[in-house]
Protein chains: 2
Amino acid sequence: MFEARLTQGVLLRKLLDSMKDLVQDANFDCSSTGFALQAMDSSHVSLIHMQLRSDGFDHFRCDRNLSMGVSLNNMAKILKCMGNDDVLTMKAEDQGDSVTFMFESANQERISDFELKLMDIDSEQLGIPDTDYSATVKMPSSEFARICKDLSTIGDTVLIAVTKDGVRFSTNGDIGSANVTVRSHSNVDKPEEQVVIDMQEPVALTFALRYLNSFAKATPLSNQVIISMSKELPVVVQYRMEDMGQISYYLAPKIEDEEMDGDE
Amino acid sequence: MFEARLTQGVLLRKLLDSMKDLVQDANFDCSSTGFALQAMDSSHVSLIHMQLRSDGFDHFRCDRNLSMGVSLNNMAKILKCMGNDDVLTMKAEDQGDSVTFMFESANQERISDFELKLMDIDSEQLGIPDTDYSATVKMPSSEFARICKDLSTIGDTVLIAVTKDGVRFSTNGDIGSANVTVRSHSNVDKPEEQVVIDMQEPVALTFALRYLNSFAKATPLSNQVIISMSKELPVVVQYRMEDMGQISYYLAPKIEDEEMDGDE
DNA sequence: GGGCCTGCGG
DNA sequence: CCGCAGGCCC
């Protein structure tokens, strides 16, 4: 049997909200190491990989590996019924056909349990190679979200170019073009505002903004986002939840990645 | 070449937001005296005239007179990408086919530049005679906006009648009629709440509320609005930006301007 | 039902 | 000044 208790139940709700627009149905994989999901988005262009470590839960028990297929939309609907400060407990039998979400209000005055039917879902588990990236940018997640949204009003794709002391986001479209440059800097007092660039070699890749905007739905999960890039490899857009795990999005670059010539 | 730097970049965004619903495309006229626009609204009923004086900018350079045709909607989209306290710099080459908007965050940590393509726009520059108006009302802009919005729920037109000690806004429609009277008063402590009436002779004119409601989009630009009227002449609805300039809207009165008989 | 915009709170 | 929530529009 599987049972996991999360004091900050709201975390799981935010995770679902950040995934449900990209993926319809997916398997949650429960094992002694934790609670994880890997899935391609519906158009098979991008990949989500989220993982919550067992030691991040307040209680975690998983007797046998379990793969629970759910409609992320329905699971998100159920999690919306959770109070913002509720403690969440998930439970599933080894051979069961459902998973139960129990919400306890802080003072135990209200206890809810929602049962969600499981579904059989084919899933190809892709191996994600552990790469050393040419460049990694850590920056405020809200700023990344804002930039992707702003650039979407101009163009459909963004060229992300990392140099030693900054990262430039560029796009162009019918009405004109745009560049946003964020400079590397740190602020001891406000670590959540820091922009840290770890660069082995300069890299510049082009991506579809609509996917980056979907990824940015995860902004509420973390103050910072980590963007890792290497030439010709998918970018990784990662949001880390302290002591808990992370959600990472992978998206292949557009070929023709040196400059945006607007002739796409 | 044209280059203008505005510490309060947000001013220009508010200006665009206040014009884009009335006018699609228009020419910005840059000269050594400032940055101006004059345009009829799309239905050729009302006229906008905005002007930012060169000395209101933190830096202003305009080597030759320049007329930049832009889609106000697209320019507004770009200005929405500006941070709320970014410094704005506009740049255009004399013979260029685009204008660049540069946004600098307060700490220079983020620098954006957006290039907007220019368009050729026919514009008839109308002469606006400098009139001595029979009556001028200065009142809180938010109050004027509220009155126009409220009266719109009753009728389509408003009779604005100015007397020595007050201004009356009247309308009527299918469901009934309404009058709002605002009395002249001043408050030394709160000049933004004053209602000042400067009247040579009483005047009462009728206007289409839908245009006044559009004009009221400029409310965020100024605490006060100045309404100037003379018999049979277009009303002027003006918002002044201290040390910077103003935006004025002109709208011809409906004939049959003495009273609203509800038989229109 | 989803996205955008406005208003309110931290 | 930024973030979150609710309401309105598409």
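Proteins get letters first, then strands, A, B, ... in listed order; numbering begins at 1 in each.
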**Q** A:N213 has an atom CG; how far is it from atom C1' of C:dG3, in whole Å?
**A** 12 Å
**Q** State which residues pass side chain to side chain donor-acceptor pair (under 3.5 Å) with A:S248; sequence neighbours excluded, sorted by chain then number.
**A** A:Q238, A:Q246
**Q** Calculate the interatomic distance between A:K217 atom NZ and C:dC4 atom C1'; express it in whole Å.
**A**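 From A:K217 NZ to C:dC4 C1': 13 Å.
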**Q** May I have the distance from A:E143 (atom CD) to D:dC2 (atom C1'), rounded to whole angstrom?
**A**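 Rounded to whole Å, this separation is 13 Å.
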**Q** Answer with yes or no whether the side chains of A:S71 and A:N73 bring together a donor and an acceptor at under 3.5 Å.
**A**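 No, no side-chain donor-acceptor contact under 3.5 Å.
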**Q** Measure from the side-chain N and O atoms of B:K117 to the backbone N and O of A:D174, and report whether any donor-acceptor pair falls under 3.5 Å.
**A** yes
**Q** Please report the distance, rounded to the nearest Å, between CG in A:D150 and C1' in C:dG3.
**A**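 Atom-to-atom, A:D150 to C:dG3, this comes out as 16 Å.
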**Q** Roughly how many Å is it from NZ in A:K149 to C1' in C:dG3, rounded to a whole number?
**A**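 To the nearest whole Å, that distance equals 11 Å.
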**Q** Please assess B:F144 against B:F215 for the test ring-ring contact (aromatic ring centres under 6.0 Å, His included), listing each intermediate value before the final yes or no.
**A** CA-CA 10 Å; B:F144 175 69; B:F215 302 167; 8.5 Å; no
**Q** In whole angstrom, what separates A:K20's NZ from C:dG3's P?
**A** 8 Å
**Q** What nitrogen or oxygen pairs link the protein and nucleotides 3-5 of chain D at under 3.5 Å?
**A**
residue	atom	partner	partner atom	Å
D:dG3	OP1	A:S142	OG	3.4

**Q** Kindly write out the residues that satisfy side chain to side chain donor-acceptor pair (under 3.5 Å) with A:D97, not counting sequence neighbours, or none if the list is empty.
**A**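 With sequence neighbours excluded, A:D97 shows a side chain to side chain donor-acceptor pair (under 3.5 Å) to no residue whatsoever.
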**Q** Just the rounded figure in Å: distance from C1' of D:dC2 to CD of A:E193.
**A**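 Answer to the nearest Å: 11 Å.
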**Q** Could you give me the CA-CA distance, side-chain angles and deciding distance for B:S105 and B:D86, then say whether side-chain hydrogen bond (donor to acceptor under 3.5 Å, both in side chains) is met?
**A** CA-CA 5 Å; B:S105 66; B:D86 284 3; 5.2 Å; no
**Q** Between A:R210 (CZ) and C:dG3 (P), how many Å, whole number?
**A** 11 Å
